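In listed order, ligands and their atoms are each counted from 1. Owing to the predicted nature of the structure, the values given are computational and were not obtained by experimental measurement.
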Amino acid sequence: MLPEIENLLKLQDVDKEIRRLQDEIAELPKRVAAIEQKLAGTKAQLEKAQSSVKADEAARRKFETNINDLRGKISKYRDQSLDVKTNDQYKALLHEIQFTEKEIGANEDKILELMVNADSRDKEVKAAQAELKLETAEIEKEKEQARQRTAEDEKLLADARSKRDELRQGVREDLLRHYERVSKFRGSGISEVRDQKCMGCQVMMRPQTYNDVRSGKEIVFCDSCQRVLYFNPAEELVEQKPTLHRAKRHHPKIDAPQAWYYRPEFGNAGEVFVCLHNAAGQATRRVYEIHTGRLIGDILTREGDYRQAFPEDITGAIRLNGDWAEEELDAWGAEAPMVVLDSLYADLEAARREMSARVSKPQAVPSEQAAG
Ligand SMILES: [Zn+2]
């Protein structure tokens, strides 16, 4: 990977961290405001409960006054009854007294009702008071936490900003400007390439662009979103790991007319895929650079089976699954297609996993036998 790409990736991480911190700092007062609003709600509830208590007390006083008035009326009727002359007059007064007594009873009922209510009103007030106390303590704690968090974030933000300034020094100016312009409009300025796709905009790229990115020798931009592109073989391999659980690796046949091998080193070319092919008593050898698929050197042809013809290429190499018709190999010309490279790459990873599993196996075998 180009050092400038590495710097841009680090820069992108720092930029993300800066945005996260800025968002968090902006978010904290909103959280405090939300709690304060809840507190105001509890206060209003308490006030409502308290004013209900007051209204009940006023009503009770009113009923008590009514009862006093009505009792006064009755004693007046009793005084009058001493002076009545006729039976009818007496009966009428008695009726008035009975009626007034009923009214007293009705007022007394209402007072009783208020007294019963008073209990639950009292509970409401006490609950609201307790709630308010709790929330007040909570908000003080939250406010203090928010203050501390903000102070920490401000410090981290200052660190991140100075780190960003430092990283910006490690990227040439025109590339940096390009990265920052795209970042501003798209939220990120650099994007990984996977399966011939820009992961930033999900658009498929031309094979030539893909090869340029994979070779990691120059800075390449996405044609559709303008992000700086990079390729990370490790990430691609991580993506393929689930196949580990899906299926057991298919093993290459020992007597197959075509055999593919992976070699970690091949002259000055580094990692290569070697394709050996038997046909009509002759063996041919093709060597491809594993990232770009570039054909290295000439296609060699020797007499006999490839095992006898090219033993030096097989020794220490990893055998891979792969079988393409010779016409196809010829049609590729100087560059193996990416699908071929990807397939060989995936099998190489499966083979490596298999090898590492084999190394750790001896501990697992005895317990399997014991279970069986
Ligand atoms: Zn793109």
> How about Leu8 and Tyr230: do any of their side-chain heavy atoms sit closer than 4.5 Å?
Replying inline: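 No - every pair of side-chain heavy atoms lies 4.5 Å or more apart.
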>> So Asn278 and Asp305, do their side chains get closer than 4.5 Å, heavy atoms only?
In response: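 They are in contact (side-chain heavy atoms under 4.5 Å apart), so the answer is yes.
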> Residues two or more places apart in sequence or in another chain: which of them pass side chain to side chain donor-acceptor pair (under 3.5 Å) with Glu328?
Replying inline: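 Here no residue qualifies.
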>> The criterion is salt bridge (charged side-chain N to carboxylate O under 4.0 Å, His left out); which residues satisfy it with Glu173, sequence neighbours excluded?
In response: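 Partners of Glu173 under the salt bridge (charged side-chain N to carboxylate O under 4.0 Å, His left out) test: Arg177.
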> Considering residues at least two apart in sequence or located in another chain, which fulfil the side chain to side chain contact (heavy atoms under 4.5 Å, CB included) criterion with Glu154?
Replying inline: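 By the side chain to side chain contact (heavy atoms under 4.5 Å, CB included) rule, Glu154 matches Ile25, Thr150, Leu157.
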>> I need the protein N, O or S atoms closer than 2.8 Å to the Zn ion (ligand 1), given as residue plus atom name.
In response: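 The answer, once waters are left aside, is Cys198 SG, Cys201 SG, Cys222 SG, Cys225 SG.
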>> Out of the candidates Arg164, Arg227, Arg168, Arg186, only one should pair with Glu180 under the salt bridge (Lys or Arg N to Asp or Glu O under 4.0 Å) rule; please name it.
In response: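 For Glu180, the salt bridge (Lys or Arg N to Asp or Glu O under 4.0 Å) check succeeds only for Arg168.
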